[in-house]
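What follows is a set of notes on a single structure, which appears directly below.
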Amino acid sequence: MAIQKPSIPKGTRDFSPQEVVKRNFIFDTIKAVFRKYGYQEIQTPTMENLDTLTGKYGEEGDQLIFKILNSGDYLSKLSPEQLQTTTSKVLTPKISEKALRYDLTVPFARYVVMHQNDINLPFKRFQIQPVWRADRPQKGRYREFYQCDADVVGSESLLNEAEFVLIYQEALSKLGLKDFTIKINNRKILSGIAEIIGKPELIVDMTVAIDKLDKIGLDSVVKELLEKGFRESDIEKLKPIIELSGSNEAKIQSLKSVLASSTIGLKGIAELEQIFTYIQKLQTPNSKFPTLNCELDITLARGLNYYTGAIFEVKCNEVAMGSIGGGGRYDDLTGMFGLKDLTGVGISFGADRIYDVMEELQLFPENAGESTRVLIGNFDETAESYALPLLSALRQNGIAAELYPTAAKLKKQLSYADAKKIPYVILIGSEEMESGLLSLKNMQSGEQQKLDISTIIQLLNS
RNA sequence: GUGGUUGUAGCUCAGUUGGUUAGAGCACUAGAUUGUGGUUCUAGGGGUCGUGGGUUCGAGCCCCAUCAUCCACCCCA
């Protein structure tokens, strides 16, 4: 076989030991916060049945699902007519019945329905696993990436929404991020706006357009709305709403008067007010995170069409990057799997984007690369057999230790320690073996002292 | 799906209007130093110039195709 240059699929990555240490720092930080708020971890399979996933993310989302080809001769059962078909929509379900998960929310809904007899409501779970999207990769966009989701089902309380805002605030602050905004909005308010304008059927086009406001500006948004079928008079009504500014309270007050005749709109506003009240009461006076960057943004829409109440999105203001988190309330996600009237709300952290942001801002702690604490140098067979019991002793005392596996040149062994950022090296020569006093070299200062093994253990453990 | 960018050593990239044997830094290996790394000096290995075709006396450079790549749009974490 010809030699082939190895490669990995586009949009996927290998993670080096240093990168994994940093990624785990992110995961561990987020996990600790989730647990503190009462969430328990679950895991679900990498692949789901294709029909579990299709139809949940809109037409565009369906195309981004990675499908898995059936095993065996997957074409043999097809009729000649079916093989002639050129539309993948017809053919795909025949040759593929499994797919890689697209997010963690839909598998969670499936999990809840399948295990409804075993779980206690309200059920608070978190989940940190990779998801896959057949998107075209670019900056901050991968085909395989990790989501960190927390969801609660079976609780209508808006306390959940308020707590999610605090979870975002606490986790991101602990990771070292300073300037970020937690945007919040409510689908019911968007419905109310569409209702007031008299175009409830165009709500999707409306939200997609105004969602781009901060990116393309008001004029372009107006242009897009006109193309989608809105009239000048509709836009005149819409303008004051999307241009709302000021404090969250001020925005709520103006929305109240604008949406006065829309029942659903007013309901959305009332929900938001309740969430803000909860947040205010939850914040301790001497909070470690004094400024809560939670902002009502009426232009926030979010693509996933299963949201029905509050919606969230987190944006980092220091680095040009897509949103680093998002979520919202969905009233009927489990309904499609046969479990009616179960409401849920959840959020997601985009771990890979958070990683990219932290890397750009150099927010990772210094000691993140350290693994082995001490390396024992290896000179010859005699020294090696002398060193083995010491190696065990170090490990039994909880010290990560290695013996260089061959009697290589000392220069090479020290280079190894240096490259691996091992802070200490123990050198054992004939002199050391005679006296029992080992040379302990501090790799940072270059200093070397002769100590017995128990002193070394004590020193390395401090 | 649409538009653009870039493909030269393991990595990051130079390479003049087309001209003889394609370069640098980093990394790697060895030596200066027979028991002392991260700094320095010296030497060395490593290339079908993404792939295929075309123009030309002659192509890393020009033309066409193709694959890959990154960026932007759409959408999204």
Side-chain angles (χ1 to χ4, degrees), chain A residues 2-11 16 26 30 57-65 88 101-105 128-149 168 172 204 207-209 211-212 215-216 220 224 300-305 311-316 320-328 346-357 375 377-380 383 404 407-433 438-448:
Chain A
I3 295 167
Q4 52 170 329
K5 224 179 178 178
S7 63
I8 54 175
K10 65 175 160 187
S16 69
I26 295 177
I30 294 174
Y57 311 107
E59 204 166 317
E60 198 134 4
D62 281 357
Q63 290 172 352
L64 298 180
I65 295 171
S88 54
R101 72 169 99 78
Y102 178 90
D103 69 358
L104 300 177
T105 309
I128 296 182
Q129 289 188 277
V131 303
W132 292 267
R133 294 187 189 176
D135 216 346
R136 192 170 289 197
Q138 53 183 274
K139 191 180 179 190
R141 177 176 298 188
Y142 307 99
R143 289 185 141 181
E144 177 186 63
F145 62 97
Y146 278 70
Q147 286 194 326
C148 314
D149 274 34
Y168 269 137
L172 294 175
V204 174
T207 52
V208 167
D211 190 46
K212 297 176 195 159
K215 207 169 190 176
I216 60 176
S220 307
E224 186 168 332
L300 172 61
R302 293 193 60 74
L304 294 174
N305 53 13
I311 42 185
F312 307 104
E313 189 160 292
V314 185
K315 237 187 124 18
C316 176
M321 176 72 68
S323 63
I324 54 176
I347 55 166
S348 178
F349 287 85
D352 304 82
R353 285 187 178 175
I354 292 172
Y355 182 98
D356 291 347
V357 166
L375 176 78
N378 191 337
F379 296 120
D380 51 42
Y404 198 86
K409 279 188 181 150
L410 189 55
K411 176 186 164 82
K412 203 170 175 181
Q413 302 192 30
L414 287 170
S415 293
Y416 174 81
D418 195 48
K420 213 168 161 182
K421 293 195 167 58
I422 299 174
Y424 292 97
V425 174
I426 294 174
L427 301 171
I428 305 169
S430 50
E431 200 181 303
E432 283 86 352
M433 283 188 275
L438 315 175
S439 295
L440 180 72
K441 184 178 174 71
N442 180 325
M443 290 297 281
Q444 210 174 1
S445 63
E447 282 167 17
Q448 211 165 307

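Quick note on labels: first sequence line is chain A, next is B, and so on, each numbered from 1. A quick note: this is a predicted structure, and the numbers were derived from the prediction, not measured.
Note: CD1 (A/I65) to C1' (B/rC76) measures 14 Å, nearest angstrom. The OH atom of A/Y57 sits 13 Å away from the C1' atom of B/rA77 (whole-angstrom rounding). Rounding to whole angstrom units, CG of residue A/L64 and P of B/rC76 are separated by 9 Å. A/R133 places its CZ atom 18 Å from the P atom of B/rG1, with the value rounded to the nearest Å. When the P atom of B/rC74 is taken as reference, atom CG of A/D62 falls 21 Å away, rounded to whole Å. The distance between atom CD of A/E59 and atom C1' of B/rC75, rounded to the nearest whole Å, is 13 Å. Taking atom OH of residue A/Y146 and atom C1' of nucleotide B/rC76, one finds them 20 Å apart after rounding to whole Å. Look at CG on A/D211: it is 8 Å from P on B/rC76, rounded to the nearest Å.
Counting non-hydrogen atoms under 4.0 angstrom, A/S348 reaches nothing in the nucleic acid. Within the 4.0 angstrom heavy-atom criterion, no nucleotide atom of any strand lies near A/Q413. Using a 4.0 Å heavy-atom criterion, one finds that A/V131 contacts no nucleic acid atom at all. Contact annotation for A/G140: base contact, defined as any heavy-atom pair under 4.0 Å involving a base atom.
Not one side-chain nitrogen or oxygen of A/Q138 sits closer than 4.0 Å to the OP1 or OP2 atom of B/rC71. Between A/K421 and B/rG37 there is no side-chain polar atom (N or O) within less than 4.0 angstrom of OP1 or OP2. OP1 or OP2 of B/rC75 lies within a sub-4.0 Å distance of a side-chain N or O belonging to A/K212.
Checking side-chain atoms of A/Q444 against main-chain N and O of A/P423 turns up no donor-acceptor pair under 3.5 Å. Not a single donor-acceptor pair under 3.5 Å links the side chain of A/D149 to the backbone N or O of A/S348. Put simply, the side chain of A/N378 gets close to the backbone of A/Y404: a donor and an acceptor are under 3.5 Å apart. Side-chain atoms of A/R133 never come within 3.5 Å of backbone atoms of A/E144 as a donor-acceptor pair (strictly under, hydrogens ignored). Not one N or O on the side chain of A/R353 forms a donor-acceptor pair closer than 3.5 Å with the backbone of A/I324.
Two rings, from A/F349 and A/Y146, have their centers 6.0 Å or more apart.
Looking at A/R141, its side chain comes within 3.5 Å of the base of B/rC75 through a donor and an acceptor atom. Applying the 3.5 Å distance criterion, the base of B/rG37 shares a donor-acceptor pair with the side chain of A/D418. For A/R136 against B/rC70, no side-chain N or O and base N or O form a donor-acceptor pair under 3.5 Å.
Rounded to a whole angstrom, the distance from the C1' atom of B/rG60 to that of B/rU6 is 15 Å. The same atom, C1', is picked in B/rC73 and in B/rU16; the two are 37 Å apart, to the nearest Å. Comparing the same atom, P, in B/rG50 and in B/rU69 gives a spacing of 16 Å after rounding to whole Å. The separation of B/rG52 from B/rC67, taken at their P atoms, amounts to 15 Å, rounded to a whole angstrom. To the nearest whole angstrom, the two C1' atoms, one in B/rC75 and one in B/rG7, are 28 Å apart. B/rU5 and B/rG10 have their P atoms separated by 27 Å, with the value rounded to a whole Å. On the P atoms, B/rA24 is 15 Å away from B/rG15, given to the nearest whole Å. For the C1' atoms, the distance from B/rA9 to B/rU29 is 15 Å, rounded to whole Å.
In this structure, the side chains of A/V314 and A/I347 stay at 4.5 Å or more apart for every pair of heavy atoms. Looking only at side-chain heavy atoms (C-beta outward), A/Y416 and A/L375 come within less than 4.5 Å of each other. Under the 4.5 Å side-chain criterion, counting only non-hydrogen atoms from C-beta, A/I422 is not in contact with A/M443.
Among the nucleotides B/rA77, B/rA72, B/rC75, the one closest to any side-chain atom of A/E60 is B/rC75.
Taking a centre distance below 5.5 Å and an interplanar angle below 30 degrees as the stacking criterion, A/F349 does not stack against the six-membered base ring of B/rA77.
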Dump the pairs, protein N or O against N or O of nucleotides 34-36 of chain B, anything under 3.5 Å, distances to one decimal.
residue: B/rU36; atom: O2; partner: A/K441; partner atom: NZ; Å: 2.9
residue: B/rU36; atom: O2; partner: A/Q448; partner atom: OE1; Å: 3.4
residue: B/rU36; atom: N3; partner: A/Q448; partner atom: OE1; Å: 2.7
residue: B/rU36; atom: N3; partner: A/Q448; partner atom: NE2; Å: 3.3
residue: B/rU36; atom: O4; partner: A/Q448; partner atom: NE2; Å: 2.6

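Atom CD1 of A/I26 sits about 8.0 Å away from atom CG of A/D352, to the nearest 0.5 Å. Atom CG of A/D135 and atom CD of A/E60 lie 9.0 Å apart (nearest 0.5 Å).
Open room surrounds NZ on A/K412; 12 or fewer heavy atoms of other groups in view lie less than 6.0 Å from it.
With the 3.5 Å cutoff on both pairing distances, Watson-Crick and G-U pairs in RNA chain B assemble into runs of at least 3 at B:1-4 with B:70-73, B:10-13 with B:23-26, B:28-32 with B:40-44, B:50-54 with B:62-66.
RNA chain B is contacted by both A/E313 and A/K412; A/K412 maps to the nucleotide lying nearer its 5′ end (nearest heavy atom per residue).
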